[in-house]
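Comments concern the structure below.
Computed from a prediction, not measured in an experiment: that's the story for all the values here.
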Amino acid sequence: MSTPDGELSPEEQAIIAEEEAVLRRVLAAVEGARLRSGHRKQETEDLITRLQELRDDAATAAVADLPHLFFQMDQTRALLERQETARLPELGAPYFAHLRVAGTTGDRDYLLGRTSFADVSADVRIIDWRFAPVARVFYLYGEGDSYEEWFGERLSEGTVKVRRLVVIERGMLSRVQIGTRVLVRGPGGVWRRLGTGWGSQLEGGTGTAVRPGQLGVGRGTARREGALDVTALLDAEQFEAVNVAADQPLLVLGSAGSGKTTVALHRLAKIAFDEAERYPESRMKVIVPEEGLARLSRRLLAPLGLGKVSVETLDSWAALTARVAFGAKALKPWEDTPPLVAKLKRHPALRRALAARLGVLSSSATALPRLRKRLAELFTDRRFLEGVVAHSGGDLPSTAVDETVRHTMLQIATPIAHELEGVDPDRLQTLDGKSLESDTPDELAGTVDVEDLPLLLFLRAQAGNLGAVGRLVHVVLDETEDFSLVELFVVGRLLGEARSCTLAGDEMQQTSTSFAGWPAVLAELGIQDAATCRLQVSYRCPAPITALARQVLGARAPGEPPAAGREGAPVGLHHFPDEAQAYLFIGEALRDLLEREPQASVAVIASGREQARAFHRVISDMSWARLVLEGDFSFEPGVDVTDVDNVKGLEFDYVVIPDATAQAYPAHDEARRRLHIAITRASHQLWLVSAGVRSPLLAGV
């Protein structure tokens with residue numbers, strides 16, 4: 001029985017008292033264990049000193065003595081590593097969930113955390129969510145459910161009596177969630193039931209998106225108040241996907257906000273934890289399309305204990321791999337490829353055309369000069385390019401042919417510096433200190449596009465000649481729908497025969513290249529069969545946003561709509577006669593919001609870079625306003641003014657789309673996908689603002 005105005009009922013008061021008593025027991029037990037283990041600190045320091053002495057001895061020792069010294073160093077390192085891994089739970093936040101089960105031996109409490117710890121005399125059992133068998137009960141069953149699970153060769157049966165999510169901050173209980181009931185500690189330590197309800201303002205969403213200090217963006221200087229741990233929120237479907245066998249390729253599909261990235265990275269953590277020898281962190285990799293998602297993924301991995309796993313964007317991965325395969329000095333990448341040329345070079349139709357024209361080259365034909373010459377011939381061959389355009393299904397316009405030929409001719413031209421060899425360098429110095437080629441078409445001479453790097457690697461990989469490029473034991477490809485087929489082929493060759501990987505994606509969010517379909521993705525990776533997980537619930541976006549996103553996709557929307565995780569604030573639609581009025585309106589609304597909710601995260605997502613710059617000028621005088629066009633998100637409170645190309649995979653408390661116009665989002669499929677991506681970044685409230693003519697994709701809203 002609940003009481004009005006957020007006041008706790010006697011039952012809820014009893015829950016808080018119980019959870020606080022549990023926390024007191026845990027803190028006392030961990031502190032006691034910490035005191036008992038104090039002597040280990042001296043042991044660790046002694047081992048470090050001993051290791052340094054052995055290194056010093058090895059530097060001056062005779063060759064005959066080195067094997068013995070190296071053996072002693074290995075033993076000392078092993079002892080040191082054993083000391084470092086014997087970690088105790090953090091006193092500030094020792095666990096994030098509470099499970100009580102009733103079984104044949106009576107009631108027993110388990111607390112889910114990131115480090116296993118037990119003090120039976122104090123009735124404290126903290127289990128590591130990643131591998132403790134009883135964790136399955138928490139993730140797969142609800143409060144009041146009966147369960148029957150095999151833990152190894154033993155059948156365990158019982159009933160879930162308590163299943164609660166908890167937030168502990170600086171050693172103090174601040175939030176308890178039981179089903180849909182949320183109890184929070186307010187100012188002065190007064191507990192209340194979290195209410196719902198919102199007005200027409202941007203309001204009430206602070207903290208619904210990721211923040212420094214919670215799983216999602218890592219440990220910042222200040223934890224977000226009331227942040228539930230994402231690991232505790234894995235649903236049964238997600239938990240089963242995380243536990244797919246390490247050697248089984250996994251395809252995770254789901255709409256925006258369904259937890260694809262969460263599943264992929266938690267699976268990576270579990271594989272690394274369970275089978276560290278077979279799957280060392282140094283040979284795991286996460287590859288994503290954009291820098292913003294790369295930054296977020298690094299922050300997601302740190303609390304999972306995988307801070308050493310390499311996270312790279314597609315471009316940085318291709319550049320690094322090409323430098324290893326072909327030599328660092330042999331390539332001069334060009335990053336400002338004309339959009340149409342870049343689209344052609346990443347299109348599936350080019351992959352098929354390359355196969356038809358070149359087949360599989362011999363290993364001797366894959367030296368870099370010969371490969372560059374082959375590509376240059378193809379990208380100046382109008383008939384070849386016209387065939388690519390013709391087989392693109394209307395994705396590529398005929399103008400892509402002329403633009404590709406023109407761009408390639410500039411790249412294969414002789415650099416002006418070669419023609420001026422022997423001339424006094426002082427005479428070649430310009431007044432502004434730049435080279436003669438800078439800011440001229442000659443600057444392109446001798447370069448290769450970043451989109452050429454995967455093509456060069458693809459041609460060499462087909463010949464089995466990737467040389468010194470390190471092989472991978474497991475790779476996570478997030479937003480896989482934006483990977484080109486040639487990139488996927490190279491990744492497949494780096495995985496070897498095992499093909500251990502996790503692919504996460506949603507074809508409705510494809511932006512950078514035409515998607516060839518999931519069967520083609522698996523085929524390029526060399527995967528015969530993959531376990532598939534289809535996530536059915538959109539946890540990020542409330543129902544009004546989920547419904548609008550589906551409407552925007554129109555006929556391209558999937559047949560079965562995703563279930564919204566919750567109800568929410570209505571979508572705000574605001575229309576003005578001209579852009580100046582629209583921008584001023586948004587600026588005032590943002591100032592008001594940040595005064596009321598200084599910890600809110602807000603994204604103003606424009607359709608393109610120039611539109612983002614134009615709006616940023618309106619609020620650039622405000623300290624909380626940031627222009628983000630290179631993925632350099634800080635994930636701090638404030639307003640990020642950015643564009644659609646920078647926000648895939650990210651989320652914010654509030655999203656404002658400042659140019660929901662017919663010009664920015666006309667009635668065609670690419671615009672539908674881009675607007676859908678922008679809309680589904682909001683975890684609490686969404687505003688669409690337009691001036692002039694509203695986008696036809698919003699008709700009837």
Item to check | side-chain contact (heavy atoms from CB on, under 4.5 Å) between V476 and I287, intermediate numbers included | outcome: CA-CA 6 Å; V476 171; I287 308 176; over 6 Å; no

Next on the checklist: I'd like to know if R100 pairs up with E18 as an ion pair, taking the criterion as any Lys NZ or Arg NE/NH1/NH2 lying under 4.0 Å from an Asp or Glu carboxylate oxygen.
Outcome noted: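 Answer for the salt bridge query: yes.
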
May I ask you to test the [X]-[Y] pair for a side-chain heavy-atom distance under 4.5 Å?
{"X": "V166", "Y": "L173", "result": "yes"}
{"X": "T262", "Y": "Y539", "result": "no"}
{"X": "R114", "Y": "F96", "result": "yes"}
{"X": "L88", "Y": "T115", "result": "no"}
{"X": "K285", "Y": "L494", "result": "no"}
{"X": "V101", "Y": "Y110", "result": "yes"}
{"X": "L301", "Y": "K308", "result": "no"}
{"X": "L488", "Y": "L477", "result": "yes"}

Item to check | From CA spacing to verdict: side-chain contact (heavy atoms from CB on, under 4.5 Å), V167, Q177 | outcome: CA-CA 9 Å; V167 176; Q177 184 167 330; over 6 Å; no

Checklist entry - Among D640, V655, L293, I605, which one satisfies side-chain contact (heavy atoms from CB on, under 4.5 Å) with V647? => result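 Only match with V647 under side-chain contact (heavy atoms from CB on, under 4.5 Å): I605.
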
Supply the atom-to-atom distance [X] [atom1] to [Y] [atom2], rounded to the nearest 0.5 angstrom.
{"X": "L265", "Y": "L296", "atom1": "CG", "atom2": "CG", "answer": "8.5 Å"}
{"X": "L300", "Y": "T261", "atom1": "CG", "atom2": "OG1", "answer": "7.5 Å"}
{"X": "E240", "Y": "D235", "atom1": "CD", "atom2": "CG", "answer": "10.5 Å"}
{"X": "L99", "Y": "E143", "atom1": "CG", "atom2": "CD", "answer": "9.5 Å"}
{"X": "L304", "Y": "F273", "atom1": "CG", "atom2": "CZ", "answer": "12.0 Å"}
{"X": "W150", "Y": "L155", "atom1": "CH2", "atom2": "CG", "answer": "4.5 Å"}

[X] (side chain) donor-acceptor with [Y] (main chain) under 3.5 angstrom:
{"X": "S174", "Y": "I168", "value": "no"}
{"X": "R540", "Y": "T680", "value": "yes"}
{"X": "R192", "Y": "E7", "value": "no"}
{"X": "K260", "Y": "G254", "value": "yes"}
{"X": "S500", "Y": "A246", "value": "yes"}
{"X": "S601", "Y": "D653", "value": "yes"}
{"X": "K648", "Y": "Q509", "value": "yes"}
{"X": "Q238", "Y": "S258", "value": "yes"}

Measure across [X] and [Y] and return the closest heavy-atom pair with its distance rounded to 0.1 Å.
{"X": "R283", "Y": "R471", "value": "NE-O, 3.4 Å"}
{"X": "G292", "Y": "F635", "value": "O-CZ, 3.9 Å"}
{"X": "R163", "Y": "I178", "value": "O-CG2, 4.4 Å"}
{"X": "H676", "Y": "M508", "value": "ND1-O, 3.9 Å"}
{"X": "R534", "Y": "E237", "value": "O-OE2, 2.7 Å"}
{"X": "H98", "Y": "L111", "value": "CD2-CD2, 3.7 Å"}

Classify the ring geometry between [X] and [Y] as parallel (under 30°), tilted (30 to 60°) or perpendicular (over 60°).
{"X": "Y279", "Y": "H474", "answer": "perpendicular"}
{"X": "F515", "Y": "W518", "answer": "perpendicular"}
{"X": "Y141", "Y": "Y147", "answer": "tilted"}

Checklist entry - When you look at F483 and L503, which way does the side-chain contact (heavy atoms from CB on, under 4.5 Å) test go after all the steps? => result CA-CA 11 Å; F483 285 61; L503 318 176; over 6 Å; no

Checklist entry - Taking atom CZ of R550 as the centre, does the number of heavy atoms from other residues, nucleotides or ligands within less than 6.0 Å exceed 12? => result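 Correct, the count exceeds 12.
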
Checklist entry - Hey, is NZ on K161 packed in by over 12 heavy atoms from elsewhere, all under 6.0 Å? => result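 Not more than 12 within 6.0 Å, no.
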
Item to check | ring pair (Phe, Tyr, Trp, His ring centres under 6.0 Å) partners of residues 167-194, not counting sequence neighbours, each pair once | outcome: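 The answer is none; no pair qualifies.
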
Item to check | Exercise: do S9 and E11 side chains pair donor with acceptor under 3.5 Å | outcome: no

Next on the checklist: Set out, in order, the CA-CA distance, both residues' side-chain angles and the distance that settles side-chain contact (heavy atoms from CB on, under 4.5 Å) for L495 and C501, then state yes or no.
Outcome noted: CA-CA 8 Å; L495 283 171; C501 60; 3.9 Å; yes

Checklist outcome for this item: Of R164, R175, R24, the one forming a side-chain hydrogen bond (donor to acceptor under 3.5 Å, both in side chains) with E19 is R164

Next on the checklist: Tell me every residue that passes side chain to side chain contact (heavy atoms under 4.5 Å, CB included) with R298, counting only those two or more places apart in sequence or in another chain.
Outcome noted: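 R298 satisfies side chain to side chain contact (heavy atoms under 4.5 Å, CB included) with E291, A294, R295, V311 only.
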
Check: residues 116-123 side-chain donor-acceptor pairs under 3.5 Å, at least two apart:
unit_1: S116; atom_1: OG; unit_2: D128; atom_2: N; d: 3.2
unit_1: D119; atom_1: OD1; unit_2: S121; atom_2: N; d: 3.4
unit_1: D119; atom_1: OD1; unit_2: S121; atom_2: OG; d: 2.6
unit_1: D119; atom_1: OD1; unit_2: A122; atom_2: N; d: 3.4
unit_1: D123; atom_1: OD1; unit_2: R125; atom_2: NH1; d: 2.7

